[in-house]
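What's counted below: heavy atoms across the whole structure, side chains too, no hydrogens, waters or symmetry copies. Quick caveat, the model's predicted, so the values are computed rather than measured.
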Amino acid sequence: MIEARHLRVLRAVAATGSFSAAGRELGCTQPAVSQQMKALETSVGTPLLIRSGREMRLTQAGQALVRHAAGILAGLTAAEEEVAAIAGLRAGRVRLVSFPSGSSTLVPTALAALRAAHPGTRVFLEEAEPPQSVGLLREGDCDIALAFRYEGAGAGAGGGDEWDDLVVRPLLTDRLVALVPERHRLARAESVSIGELAGESWIAGCPRCRGQLVEVCEGAGFTPRIDFATDDYPAVVGLVGAGLGVAVLPQLAVESVRPRGARTVTLEPAVRREIVALTLPDLAQVPAVAATLEQLARAAHR
């Protein structure tokens with residue numbers, strides 16, 4: 001294997017014509033230069049210098065190596081500078097995948113703070129719900145996945161076992177609220193149980209949220225009649241506001257939409273979901289990824 005330090009010595013010897021002069025240029029002794037040249041010749045398996053008295057000439061192999069050394073050392077210097085910039089957060093790239101209500105609430109605050117602190121770090125944002133977002137992370141298509149899991153969910157429904165191989169950064173606990181039309185009989189109630197909505201027409205959200213809704217309702221003794229299903233939270237709010245049904249939404253989702261024609265009511269007993277940021281163990285050590293995780297955590301507590 002050719003080492004960069006040996007290439008630097010070879011270039012100095014070729015430029016100065018002697019080991020002693022090369023040593024003075026490099027700030028080392030003549031024996032050290034001789035030792036490194038011998039190590040380089042051993043590595044490449046052929047002589048690089050012809051020694052004739054005090055004169056030294058490059059062999060054909062030596063000339064070829066010196067010719068390539070400039071590009072190799074320049075490329076190595078550029079790589080060292082780029083890595084140093086990334087390590088010092090003067091540069092870097094983070095690919096972030098978030099579910100929609102996280103994209104409209106947590107992400108903007110976090111990325112604004114990240115840009116202010118580290119303007120050289122670029123973040124690319126894509127939207128996906130879990131488990132798709134978690135799959136993108138494991139497949140190497142993103143660096144951080146903003147995800148959620150419901151309290152008490154099993155491994156197949158976003159429980160803890162599903163993420164055992166990942167670094168999990170808890171962000172906040174998001175409580176679900178009931179959403180009813182503003183003229184609904186329960187619109188001005190302080191709280192409502194899921195069972196009081198048993199006979200209503202339901203508007204359901206994303207597939208994971210839909211599954212959680214059915215599970216909670218069945219736990220209360222009924223199966224919800226889902227007339228509409230959409231992944232778009234503003235559409236859910238709009239349908240409720242138009243009097244077409246009721247819904248249960250995370251508080252975070254309600255905060256990102258102006259609920260015209262609809263009212264939120266506290267749901268009892270409480271149903272919560274945990275919002276987390278996920279990454280791979282190796283990625284957690286990358287400065288730009290670590291800084292983004294930190295800003296997401298700060299945004300969650302504002």
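E196 contributes a side-chain N or O that, together with a main-chain N or O of S193, makes up a donor-acceptor pair within less than 3.5 Å. Looking only at distances, a side-chain donor or acceptor of T279 sits under 3.5 Å from a matching main-chain atom of D143. A donor-acceptor pair is defined here as one N or O able to donate and one able to accept, closer than 3.5 Å; such a pair exists between the side chain of R210 and the backbone of G205. Looking only at distances, no side-chain donor or acceptor of D174 sits under 3.5 Å from a matching main-chain atom of P250.
Minimum interatomic distance between S133 and A145 (heavy atoms only, all atoms of both residues): O-CB, 3.8 Å. Between G245 and P181 the shortest heavy-atom distance is O-CD, 3.6 Å. Shortest non-hydrogen contact noted between L296 and A277 is CD1-CB, 4.2 Å. Heavy atoms only, all atoms of each residue included: A128 and V97 are closest at CB-CG1, 3.6 Å. Across all non-hydrogen atoms, the minimal contact from T16 to A21 is CB-CB, 3.5 Å. The shortest heavy-atom contact between V257 and P234 is CG2-CG, 3.8 Å.
Contact annotation: the side chain of D231 approaches that of P207 to within less than 4.5 Å [non-hydrogen atoms, C-beta and beyond]. Contact check for I2 versus L65: side-chain heavy atoms found under the 4.5 Å cut-off. Counting heavy atoms from C-beta on, the side chains of H301 and L172 never come closer than 4.5 Å. For the pair F99/E127, no side-chain contact is recorded, criterion being any heavy-atom separation below 4.5 Å from C-beta on. L40 is not listed as a side-chain neighbour of V9, based on a closest heavy-atom distance of 4.5 Å or more. Counting heavy atoms from C-beta outward, Y233 and V254 have side chains that stay 4.5 Å or more apart. Annotation: side chain of L278 is in contact with side chain of V276 (closest heavy-atom distance under 4.5 Å). In this structure the side chain of T59 never reaches within 4.5 angstrom of the side chain of T46, judged on heavy atoms.
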For residues 114-124, dump all side-chain donor-acceptor pairs below 3.5 Å to protein atoms at least two apart in sequence or in another chain.
none

- Message: One pair to check against side chain to side chain contact (heavy atoms under 4.5 Å, CB included): V248 and V177. What are the steps and the verdict?
- Response: CA-CA 6 Å; V248 170; V177 296; over 6 Å; no
- Item | Step-by-step side chain to side chain contact (heavy atoms under 4.5 Å, CB included) determination, F148 to L252 | CA-CA 11 Å; F148 59 84; L252 205 62; over 6 Å; no
- Item | Q251/L176 under side chain to side chain contact (heavy atoms under 4.5 Å, CB included): CA gap, chis, key distance, verdict | CA-CA 6 Å; Q251 183 66 42; L176 273 63; over 6 Å; no
- Go through E294 and R169 one step at a time and tell me if the salt bridge (Lys or Arg N to Asp or Glu O under 4.0 Å) criterion holds. CA-CA 9 Å; E294 182 61 29; R169 182 72 177 266; 2.9 Å; yes
- Chi angles and distances behind the side chain to side chain contact (heavy atoms under 4.5 Å, CB included) call for R24, Q30: CA-CA 8 Å; R24 286 193 296 272; Q30 184 269 344; over 6 Å; no
- Query: Which is it for E215 and R208 under the salt bridge (Lys or Arg N to Asp or Glu O under 4.0 Å) test, yes or no, and what are the steps along the way?
  - Reply: CA-CA 11 Å; E215 183 178 323; R208 176 162 284 187; over 6 Å; no
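Under the 4.5 Å side-chain contact rule for hydrophobic residues, L89 and V289 do not share a cluster. Placement of L146 and Y150 within a single hydrophobic cluster is found when ILVMFWY residues are connected by side-chain heavy-atom separations under 4.5 Å, directly or transitively. Both V192 and V271 are assigned to one and the same hydrophobic cluster, defined by single-linkage of ILVMFWY side chains at heavy-atom distances under 4.5 Å. By the criterion of side-chain heavy atoms lying less than 4.5 angstrom apart, applied directly or through intervening Ile, Leu, Val, Met, Phe, Trp or Tyr residues, V66 is grouped together with M56 in one hydrophobic cluster. Under the 4.5 Å side-chain contact rule for hydrophobic residues, L26 and L48 share a cluster.
Here H6 contributes atom NE2 and Q36 contributes atom CD; the two are 4.5 Å apart, rounded to the nearest 0.5 Å. To the nearest 0.5 Å, the span separating CG on L280 from CG on D165 amounts to 7.5 Å. In this structure, OG on S191 lies 5.5 Å from CD on E268, to the nearest 0.5 angstrom. Rounding to the nearest 0.5 Å places OG of S20 at 11.5 Å from CD of E25. A distance of 9.5 Å separates OG of S101 from CD of E255, quoted to the nearest 0.5 Å. The CG atom of L249 lies 10.0 Å from the OG1 atom of T264; values are rounded to the nearest 0.5 Å.
Between E274 and R149, at least one side-chain N (NZ, or NE/NH1/NH2) sits under 4.0 Å from a carboxylate O, which counts as a salt bridge.
More than 12 heavy-atom neighbours from other residues, nucleotides or ligands sit within 6.0 angstrom of CZ on R175. Within 6.0 Å of atom CZ in R183, 12 or fewer heavy atoms from other residues, nucleotides or ligands are found, so the atom counts as exposed in its surroundings.
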